[in-house]
Every structure is written in structure tokens, then in C-alpha cells.
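One structure below.
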Amino acid sequence: MVVFEKSYDVIVVGAGHAGCEAALAAARMGRSTLLLTINLDAIALMSCNPAIGGLAKGHLVREIDALGGEMGKNIDATGIQFRILNTKKGPAVRASRAQADKQQYRLRMKRVLENQDNLELKQAEVTGLSVENGTVCGVDTKVGIRYPAKTIILTTGTFMRGLIHVGLTNYPGGRAGDPPSIGISDHLRELGFEVGRLKTGTPARLDGRTIDFDRLEVQHGDAEPTPFSFSTDRIDCAQMDCHIAYTNEKTHDIIRSALDRSPLYGGVIQGVGPRYCPSIEDKVVRFPEKSRHQTFLEPEGRDTVEIYPSGLSTSLPIDVQYAMYRSIHGLEQVEIMRPAYAIEYDYVDPIQLHASLETKLIRNLYHAGQINGTSGYEEAAAQGLMAGINAALRVQEKEPLVLGRNEAYIGVLIDDLVTLGAKEPYRMFTSRAEYRLLLREDNADLRLRDKGHVVGLLPDEDYQAFQYKRTMIGEEFERLRFGKISPAASDPLFLEQLGFSGLKNSLTFEQFLRRPDITYSHLCQIDPVSRDVPAIIREQVEIQIKYQGYIDRQQLEVERAAKFEGTKIPADFDYGGLSGLSAEVREKLVRFRPDTLGQASRIPGVTPAAITVLAIAIRALGAR
């Protein structure tokens with residue numbers, strides 16, 4: 001083994017969405033960083049749907065951006081259709097989503113990485129780790145080079161022992177067109193990690209020239225696109241249309257008749273698939289009462305005819321794929337440019353991680369992305385960002401940045417993983433966040449910009465713009481608190497139309513806006529100053545005024561839970577010697593090894609009574 005001439009502070013293995021954020025975070029924090037990937041031409045490649053955001057996922061992207069990550073900026077620069085989802089619902093569950101130009105997205109991200117100070121990129125396949133006295137100190141590659149480093153971040157995606165399935169045919173691959181990573185997962189097993197097997201899939205890519213779009217329902221983007229990044233002023237690009245189509249009973253009959261040739265139902269695939277993003281054959285089998293399933297036909301870019309049929313992932317044989325897709329109204333003559341496939345891959349159960357994403361078994365080794373059992377670009381990028389931050393902080397001998405469940409969806413994501421583990425691909429939903437009214441997309445910068453700046457990730461220019469925005473919000477709150485609507489000085493007809501007929505006493509502007517059917521546009525009609533308030537300030541102020549009671553209630557819940565969340569459990573705590581715990585609870589605590597009482601309280605089967613016993617024991621240790 002040849003030892004490379006240079007040693008790095010941080011080495012990131014893998015250049016998917018997790019690896020890109022990890023490498024950029026570490027380098028932007030001033031650490032010498034090396035990014036290793038099997039294929040430098042596939043950096044940030046969108047191997048499934050070329051889209052960013054969606055329900056809860058949009059929250060993650062906003063948080064990544066608020067901390068100083070790149071994903072939001074990248075999609076703003078390369079998006080081809082932008083939409084806000086759930087606009088008729090409350091602000092807590094509204095979500096941003098954008099269709100990306102697949103090639104431009106990866107090319108821009110590669111350009112950002114190549115031009116980043118403190119960051120080097122090299123093409124190499126990592127096959128093992130160099131570990132001394134329980135601490136990782138480098139990586140070994142297939143060609144016999146050892147790269148030394150103080151910290152290592154593994155972001156291996158679907159590459160570890162990846163196996164692609166099309167019907168009953170299978171072959172090794174990290175994704176279609178790329179080789180798998182062989183050796184690293186076996187090495188992790190040898191080091192003592194619990195390694196499992198998961199599965200995911202992707203639809204075929206269709207030739208848009210062979211689709212009759214005139215017979216399909218059109219889905220336009222928003223007239224005024226909303227950026228993901230708090231640093232993007234506006235989106236000026238022309239929007240591209242998507243289209244909606246539906247399967248039918250003929251489609252379902254074709255699928256059912258071919259289940260004996262499906263690797264999923266023939267026992268060929270051993271990995272567990274995603275419950276919330278199932279293949280079309282899974283949908284047909286699990287929901288026999290449904291006569292049709294929706295698909296969004298989404299362009300893969302401005303300069304290609306390839307179309308992504310969202311919701312139609314499958315691992316059926318290619319002849320069945322043709323029959324299935326051509327049974328759909330408007331797709332009778334469709335040609336397949338790339339076949340659909342399923343992929344199995346190894347992952348490492350994330351209960352073996354601290355909340356910092358450092359492994360419990362090997363010091364200075366971090367895992368992020370699909371290696372932790374997650375699905376989705378956004379979940380991967382969020383973990384990569386946090387792993388990059390914490391690896392850089394470790395090199396600086398500083399405490400890790402750990403976000404609480406009340407601070408960010410990123411905190412919910414990581415806490416779920418390290419506390420509960422992953423037995424199936426994990427996907428983020430708003431329902432997973434118990435404090436989701438506090439964790440809205442619109443206030444991600446107010447929650448996280450300070451933290452990004454403190455760790456040295458957020459640029460001064462972005463932070464100064466944020467401070468100005470925060471000051472404006474505070475000043476507008478004060479103005480609304482004292483500004484008043486006088487019945488004598490107001491148009492009685494206008495007040496009557498808004499439900500304020502018979503108003504005797506003056507109302508503050510704040511009281512006026514608190515009404516659910518009143519907006520800033522109404523206030524502008526009676527208060528000229530409100531007309532000059534920027535839209536982003538109006539949005540933030542109006543949401544906080546209208547939902548203040550609910551926000552205060554959730555904040556009280558956060559404060560009640562704080563004593564558990566902040567109480568650390570010693571790493572060598574002896575659960576076996578603790579009386580008052582059942583054998584089942586003791587076994588779970590020994591296996592999960594939670595870092596805090598808060599984590600322990602969320603382990604299934606660990607009762608409130610057990611937490612009380614544990615809290616008393618920890619307090620007694622502290623008193624000695």
C-alpha cells in the first residue's frame with residue numbers, strides 16, 4: 001500500500017448529494033478536504049427523479065441553505081419548474097418543489113466543488129479504512145493508495161455491493177452505467193458494524209417525441225416562482241410544463257400477469273424497499289381496489305427529450321415495461337430510452353451513530369446519506385452537511401453541532417435515525433415533526449442562520465443580509481403593535497365589508513391582522529406605510545401574528561421536554577447494574593446506547609417509568 005504524500009483534515013467518500021454538502025461544508029470551514037468518488041463525471045447526479053424538494057423535503061432544503069449549504073442555490077440556478085405545494089393548507093405544511101435540469105444541476109455542482117478553496121477532487125474507489133486504536137486515520141483505494149486523514153465521512157449511496165435488477169436478470173452496479181463499490185461494506189462488517197440490505201428503484205426514461213401530450217393534463221409551474229435559497233432574489237428562467245397521466249385496468253392486468261417474472265415477488269430481491277415510494281407492481285398488489293394510479297411526466301432538462309414518469313418505478317422485465325407504459329392513455333406509441341430497474345445495496349444501521357453522525361465504534365468516522373438507510377436527495381444532503389460540519393469541528397477540537405427536534409427538520413431526521421435505526425428506507429414527512437409549526441419553511445433562516453455563522457460556514461455577506469431582514473421584522477412588529485385603526489377616521493363601508501361594522505374602539509394593526517380572513521393587502525388599503533413593506537417581511541410577520549397562540553403552546557412543550565433532551569448519559573453507563581429496569585428495557589438500552597435521556601425516551605418499549613429510574617441514576621452519578 002502506497003501512502004499518499006499529503007494528509008487531509010477531512011476525506012469524504014462519495015460525491016452524491018450527501019458527499020457534495022459534506023465536502024463543501026468542511027472546506028468552507030477552512031479544513032483541508034479531499035473528495036473521492038468512483039466517477040468524477042457523476043458528481044451530484046440525480047439518478048432517480050430530477051427534482052428537489054416536496055412535502056417536508058422542501059423544509060430540509062431551506063434548512064440546508066440557512067446553515068450555509070449549496071443545494072438551495074444549485075436548484076435555484078438550474079430549475080425548470082417551481083411550485084409551492086399545499087398552498088391551501090397552513091404554513092407549517094406548505095412545501096417548495098422544483099424540477100431540475102438534470103445535467104445542468106450536476107455540472108453546476110461540480111463547478112462549485114472544483115472552485116472551492118481547501119477542496120481537492122480525485123477519482124478513486126475506496127475499499128477499506130485505515131484504523132488504529134479505534135480511531136480512523138485514512139482510507140485505502142482499489143489501486144493501492146492510502147490517503148491519510150484526521151476524519152473520514154462515508155457517503156456511499158447505493159454503491160456498496162450494489163446489484164441492479166431488470167426482471168429476473170441482475171448484474172452488479174451502483175446505478176445504471178456505474179460500477180458498484182466492492183469491499184468497503186465487508187470491511188465495515190469486519191470492524192464490527194451491523195450491515196443490512198435495502199432496495200430502491202427508478203422508472204424507465206421515456207422518449208418525449210413519442211408521447212401524445214395533447215391528450216394529457218398539463219401541469220404548469222407557479223406564475224411567480226419562489227426561490228429555495230434565502231440568498232436568491234428571484235427566479236427569472238422560463239418554466240417548462242409537466243403533464244399528468246394515469247394507469248388503468250389494462251395496465252394493472254399486465255402487471256398482475258407478470259408478477260411471476262418480478263424479482264420483487266419472485267424472491268430474488270432480498271433488500272427491504274421503501275414503504276412510502278413503492279414500485280408500480282407494489283401499488284397494484286397492495287391497493288387492488290384502486291382502478292388507477294397517477295403519474296407525473298416530468299422533463300429531465302431543457303436540451304433533452306427524456307421524460308421521467310414519476311410514480312411508475314418498476315423492476316419488471318423490459319417486454320412487460322413496454323406493454324405497461326404503452327397501456328397508458330397518451331403513451332400508446334411510447335419508446336423507452338432507458339429501462340426501469342430496482343437496485344439492492346448495503347447500508348449500516350444508524351443506531352450505531354452518535355447524533356453528530358460520528359460512529360460509536362470508530363472515532364472520527366462519520367456516515368451520511370443512504371449508508372444510514374435514508375432515501376431521497378434532500379435527506380442525504382442534510383446529513384452530509386451535518387457530517388461535514390461536525391468533522392470540521394472535530395479537527396478544531398470543538399463540540400459538535402447537534403440540532404434538536406424543536407430546532408430543525410434536520411434534527412428530527414438525525415434523531416429518528418440514531419434513536420430508532422432504519423429497517424426500511426427512511427423518508428422525511430411533516431408528520432414526523434412534533435413541533436412542525438415552529439419548523440416552517442419560511443422561518444428556516446430565523447432558526448438556523450446564527451448557527452451556520454457561528455460554526456464558520458455561512459458567508460458574512462449572507463449573514464449581514466439576514467441580520468437586516470431580522471431587524472426589519474422586529475421593527476415591523478413594533479409598528480403594528482402601536483399603529484391603530486380608528487373607527488372615526490376609517491371608511492365605514494370598508495370596515496363593514498371586513499366584518500368590523502359597529503366598531504367602537506380603536507384596533508391596533510396587530511389585532512386587525514390577527515383575524516384569519518384579514519391579510520396585509522387589506523391593511524395596505526388603510527395604512528400607506530404597509531404598502532412599502534417587502535413581501536418576505538410581510539409573510540413572516542403575518543404568520544407569526546396569526547399563529548402566535550399555537551406557536552406559544554408548542555414553545556411551552558419544548559421547554560417541558562428540555563430537561564430530558566439536555567441530560568447526557570455517560571457512554572460507559574452500566575445498564576446491567578441498574579435495578580428497577582425490566583429485562584426488555586435493559587436490553588434495548590444496551591443495544592441502542594442513547595446519548596441523552598431524550599433519545600432514550602423515544603426508543604420503542606422504553607417506558608416513562610424506566611426514564612425516571614434512569615434519570616435518578618444519572619443524577620446520583622453526578623452527585624458523587
Side-chain angles (χ1 to χ4, degrees), residues 53-56 58-59 62 82-97 219-227 230 234 429-431 433-447 469-470 472-557:
L55 302 180
H59 292 71
R62 282 291 190 101
F82 292 79
R83 293 175 63 222
I84 300 293
L85 310 180
N86 281 348
T87 54
K88 294 181 180 179
K89 296 185 178 181
V93 293
R94 290 175 201 155
S96 304
R97 185 183 186 276
Q219 183 190 62
H220 304 292
D222 291 342
E224 295 185 13
T226 301
F230 293 99
R234 55 181 294 155
F429 293 101
T430 54
S431 59
E434 54 270 60
Y435 307 118
R436 56 183 173 272
L437 193 53
L438 302 179
L439 309 182
R440 306 182 308 276
E441 266 196 9
D442 62 86
N443 70 351
D445 57 342
L446 295 172
R447 293 184 277 118
K469 174 185 173 180
R470 183 163 57 185
M472 288 184 69
I473 291 170
E475 290 175 350
E476 180 64 1
F477 268 121
E478 283 299 300
R479 191 183 73 83
L480 296 179
R481 192 167 290 127
F482 294 103
K484 291 186 177 180
I485 300 171
S486 169
S490 302
D491 181 355
L493 182 60
F494 177 71
L495 292 177
E496 184 179 345
Q497 288 173 345
L498 296 180
F500 288 97
S501 57
L503 183 66
K504 304 297 183 184
N505 300 315
S506 295
L507 277 179
T508 66
F509 293 155
E510 180 182 18
Q511 291 169 328
F512 182 70
L513 271 179
R514 193 168 287 137
R515 289 277 293 267
D517 50 341
I518 302 296
T519 67
Y520 251 97
S521 60
H522 296 113
L523 185 59
C524 289
Q525 296 181 50
I526 55 177
D527 174 42
V529 177
S530 294
R531 298 168 197 165
D532 297 326
V533 177
I536 57 171
I537 306 301
R538 290 187 192 183
E539 175 192 44
Q540 192 55 231
V541 170
E542 188 172 332
I543 287 173
Q544 290 195 39
I545 285 175
K546 289 190 185 304
Y547 293 90
Q548 192 62 54
Y550 299 101
I551 292 171
D552 289 344
R553 194 177 308 162
Q554 287 207 342
Q555 198 60 55
L556 281 174
E557 293 172 8

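Note: hydrogens, waters and symmetry copies are ignored here, and every other heavy atom, side chains too, is used. One-based numbering along the sequence shown. Since the structure is predicted, the reported quantities are computational estimates derived from the model, not experimental observations.
Distance check: I84 CD1 to T226 OG1 gives 4.0 Å after rounding to the nearest 0.5 Å. Expressed to the nearest 0.5 Å, how far CG of D445 lies from CD1 of I536 amounts to 8.0 Å. With rounding to the nearest 0.5 Å, the separation of CZ in F509 from CD in Q511 is 11.5 Å. Atom CD1 of I537 is separated from atom CG of D532 by 13.0 Å, given to the nearest 0.5 angstrom. Taken from CD1 in I551 to CG in L556, the straight-line distance is 12.5 Å, to the nearest 0.5 Å. The structure places OG1 of T519 at 8.5 Å from CZ of F512, a figure rounded to the nearest 0.5 Å.
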Exercise. Can I473 and F477 be said to form a side chain to side chain contact (heavy atoms under 4.5 Å, CB included), step by step?
Worked result: CA-CA 6 Å; I473 291 170; F477 268 121; 3.6 Å; yes
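Scanning all heavy atoms of the two residues, the minimum distance from C524 to R531 falls at O-NE, 2.7 Å. Minimum interatomic distance between A95 and L55 (heavy atoms only, all atoms of both residues): CB-CA, 3.8 Å. Considering every non-hydrogen atom in both P91 and I543, the closest pair reads CB-CD1, 3.8 Å. Looking at every heavy atom in both residues, F82 comes nearest to P225 through CB-CB, 3.7 Å. Summarising the geometry of E542 relative to I518, their closest heavy-atom pair is OE2-O, 3.8 Å, with the distance given to 0.1 Å.
At distances below 3.5 Å, not a single donor-acceptor pair connects side-chain atoms of N443 with backbone N or O atoms of Q540. In this structure, the side chain of E476 does not engage the main chain of V541 through any donor-acceptor pair within 3.5 Å. Listed for the R94 side chain is a donor-acceptor partner under 3.5 Å among the backbone atoms of K89. Listed for the R538 side chain is a donor-acceptor partner under 3.5 Å among the backbone atoms of S530. Of the possible polar contacts, one joining the H59 side chain to the A92 backbone as a donor-acceptor pair under 3.5 Å is found.
Using a 4.5 Å heavy-atom cutoff, the side chains of Q544 and L446 are in contact. For the pair T508 and R481, the minimum side-chain heavy-atom distance is 4.5 Å or more. At least one side-chain heavy atom of L480 sits less than 4.5 Å from a side-chain heavy atom of Y520. Residues Q219 and R83 meet the side-chain proximity criterion, which asks for heavy atoms closer than 4.5 Å.
The salt bridge (Lys or Arg N to Asp or Glu O under 4.0 Å) test applied to R447 returns E63, not counting sequence neighbours. Every residue meeting the salt bridge (Lys or Arg N to Asp or Glu O under 4.0 Å) condition with R515, not counting sequence neighbours, appears here in chain and number order: D517.
Atom NZ of K546 is surrounded by more than 12 heavy atoms from other residues, nucleotides or ligands within 6.0 Å.
The pair E475-R479 fails the salt-bridge criterion, with no side-chain N (NZ, NE, NH1 or NH2) lying under 4.0 Å from an Asp/Glu carboxylate O.
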